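The structure appears right after this line, and notes come after that.
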Amino acid sequence: MNISETEIISKVKTAFLSPDYFSRGAEESALNLLGRMILTDEGGKLSGGIIVETEAYGGFDDPGSHAYSGITPRNSVMLGPPGTVYVYLCYGASNMLNIVTGRKGRPEAVLLRALQPAAGIEAMTARRGGCREQLLAKGPGRLAQALGITRAMNGLPMGSCGIMISRSRFLRQPVSRTGRIGIKKGEGLPLRFIFDGNKYVSKG
DNA sequence: TGGCAGATTTTA
DNA sequence: AAAATCTGCCAA
């Protein structure tokens with residue numbers, strides 16, 4: 001039942017999501033991203049994994065959103081067209097990878113929080129400084145590091161920085177909707193989506 | 001194994 | 001000063 005790395009890559013290359021897929025807003029996109037494969041391009045070599053944990057951040061009325069207190073130079077990227085990449089530095093050490101999902105004028109994005117590694121595991125392990133597979137992309141900071149995400153990608157369309165997300169789902173598991181974690185304001189809001197029981201999901 | 005300091009940028 | 005985090009060091 002195991003699909004080979006070559007098959008994964010060719011499958012994603014032939015059918016990946018176009019930016020307008022993300023015009024449906026953060027909450028629905030966050031849910032719909034579960035099970036899809038995300039790959040990044042590092043010198044022609046693709047690596048990545050299956051998305052198993054996401055969080056939705058939406059609008060001026062979401063206390064947990066960067067855009068809650070209005071538009072600033074940093075969060076203005078969230079106003080960009082759907083499919084824009086929003087990368088920012090968190091706590092001075094970790095990059096966070098988000099996909100902008102808002103319709104015009106709505107600052108919405110989905111934070112990618114965890115992957116089940118599936119392709120280019122050697123490359124990801126090297127970027128992570130050598131760690132076991134279970135911890136490769138478990139948590140948003142680790143995920144971004146494993147994929148080689150840098151802040152140079154901030155504000156670019158997904159396609160321009162070598163990010164592809166598959167049209168098909170590579171894994172189907174029961175989904176749980178939980179409160180977001182790791183934030184102070186708006187923590188209780190049930191906008192976090194996980195594959196229930198998947199061992200690559202972060203705890204918080 | 002569990003708690004804590006530290007990295008560093010943006011914002012209030 | 002605090003935040004959408006992770007790592008390494010320390011103590012038992």
Side-chain angles (χ1 to χ4, degrees), chain A residues 22 25-31 33-34 38 40 49 51-80 82-102 106-117 121 123-156 158 163 176-195 198-204:
Chain A
F22 298 95
E27 194 167 334
E28 201 180 327
S29 300
L31 174 61
L33 279 172
L34 291 182
I38 180 169
T40 54
I51 299 169
V52 298
E53 177 181 357
T54 59
E55 274 180 358
Y57 286 86
F60 296 106
D61 47 352
D62 174 0
S65 171
H66 280 172
Y68 184 54
S69 341
I71 297 304
T72 64
R74 179 177 67 168
N75 67 28
S76 63
V77 169
M78 294 177 86
L79 286 172
T84 300
V85 174
Y86 176 37
V87 184
Y88 68 90
L89 186 68
C90 180
Y91 295 106
S94 309
N95 286 325
M96 303 280 119
L97 172 60
N98 301 254
I99 309 290
V100 172
T101 58
R106 292 208 52 86
E108 295 185 351
V110 174
L111 172 66
L112 301 183
R113 290 192 55 91
L115 303 182
Q116 175 173 324
I121 292 182
M124 293 196 289
T125 306
R127 281 178 218 128
R128 292 270 302 113
C131 81
R132 60 181 214 272
E133 183 184 317
Q134 171 138 209
L135 287 179
L136 261 187
K138 185 184 174 115
R142 294 172 179 146
L143 178 151
Q145 191 182 22
L147 290 177
I149 301 297
T150 68
R151 269 169 291 149
M153 299 172 180
N154 186 37
L156 298 175
M158 280 171 49
I163 299 176
S176 279
R177 183 190 183 112
T178 80
R180 288 182 303 200
I181 59 177
I183 55 176
K184 301 295 188 211
K185 293 179 177 178
E187 183 159 48
L189 292 176
L191 294 171
R192 174 174 175 252
F193 299 92
I194 60 174
F195 273 159
N198 186 295
K199 66 174 182 178
Y200 299 98
V201 168
S202 81
K203 255 198 170 118

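Since we're looking at a predicted model, the values are computed, not measured. A note on names: the letters A, B, ... follow the listed sequences, proteins ahead of strands, and every chain is numbered from 1.
Checked against A/Tyr86 for a side chain to side chain contact (heavy atoms under 4.5 Å, CB included), the options A/His66, A/Met153, A/Met96 give a single hit: A/His66. Checking each of A/Thr40, A/Val110, A/Leu112 against A/Leu97 for a side chain to side chain contact (heavy atoms under 4.5 Å, CB included) leaves exactly one that passes, namely A/Leu112.
Atom CZ of A/Arg180 and atom P of C/dA3 are 15 Å apart (whole Å). One atom, CD of A/Glu187, and another, C1' of C/dT5, lie 14 Å apart when rounded to the nearest Å. Between A/Asn95 atom CG and C/dT7 atom C1' the separation is 15 Å, expressed in whole Å. Straight-line distance from the CG atom of A/Leu135 to the C1' atom of C/dT5: 14 Å, rounded to whole Å. The interatomic distance linking A/Gln145 (CD) with B/dT8 (P) rounds to 14 Å, in whole Å. Protein atom CG of A/Asn75 is 10 Å distant from nucleotide atom C1' of B/dT11, rounded to whole Å. Here C/dA2 presents its C1' atom at 12 Å from NE2 of A/His66, a figure rounded to the nearest Å. If you measure from atom NZ of A/Lys184 to atom C1' of C/dA4, you get 11 Å, rounded to the nearest angstrom.
Nearest heavy-atom pair, A/Ala56 versus A/Ala30, reported as atom, atom and distance to 0.1 Å: CB-CB, 4.0 Å. Scanning both residues, A/Leu135 and A/Arg128, for their nearest heavy atoms gives O-NH2, 3.3 Å. Closest of all the heavy-atom pairs between A/Pro63 and A/Leu189 is CD-CD1, 4.0 Å. Closest heavy-atom contact between A/Thr54 and A/Leu31: OG1-N, 4.4 Å.
Taking only side-chain nitrogens and oxygens, A/Arg113 comes nearer than 4.0 Å to OP1 or OP2 of C/dT5. At C/dT7, one or more side-chain N or O atoms of A/Arg128 fall inside 4.0 Å of OP1 or OP2 (strictly under the cut-off). Remark: A/Thr72 is in phosphate contact with B/dT11, judged by side-chain N or O atoms under 4.0 Å from OP1 or OP2.
Counting non-hydrogen atoms under 4.0 angstrom, A/Ser69 reaches the backbone sugars and phosphates but no base. Within 4.0 Å of A/Gly92, counting heavy atoms only, lies at least one base atom of the nucleic acid. Backbone-only contact: A/Leu89 has heavy atoms under 4.0 Å from sugar-phosphate atoms and none from a base. At a threshold of 4.0 angstrom between heavy atoms, the contacts of A/Arg142 are confined to the sugar-phosphate backbone, with no base atom among them. Within the 4.0 angstrom heavy-atom criterion, base atoms lie near A/Gly64.
B/dA5 and C/dA12 are spaced 16 Å apart, taking the P atom of each and rounding to whole Å. Comparing the P positions of C/dA4 and B/dG2 gives an interatomic distance of 25 Å, to the nearest angstrom.
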With both pairing distances under 3.5 angstrom for Watson-Crick or G-U wobble, and | for a partner in another strand, the correct string for DNA chain B is |||||||.|||.
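Across C/dT7, C/dA4, B/dT10, the shortest atom-to-atom separation from the side chain of A/Tyr86 is found for C/dA4. If you check B/dA7, C/dC6, C/dA4 against the side chain of A/Ala93, the one that comes closest is B/dA7.
Remark: ring of A/Tyr91 does not overlap the six-membered base ring of B/dA7 in a stacked fashion, as centroids less than 5.5 Å apart with planes less than 30° apart are not both met.
Looking at A/Arg74 and A/Asn154, their side chains never come closer than 4.5 Å, going by heavy atoms from C-beta outward.
Between A/Arg177 and A/Glu27 there is a salt bridge, with a side-chain nitrogen of the basic residue lying less than 4.0 Å from a carboxylate oxygen of the acidic one.
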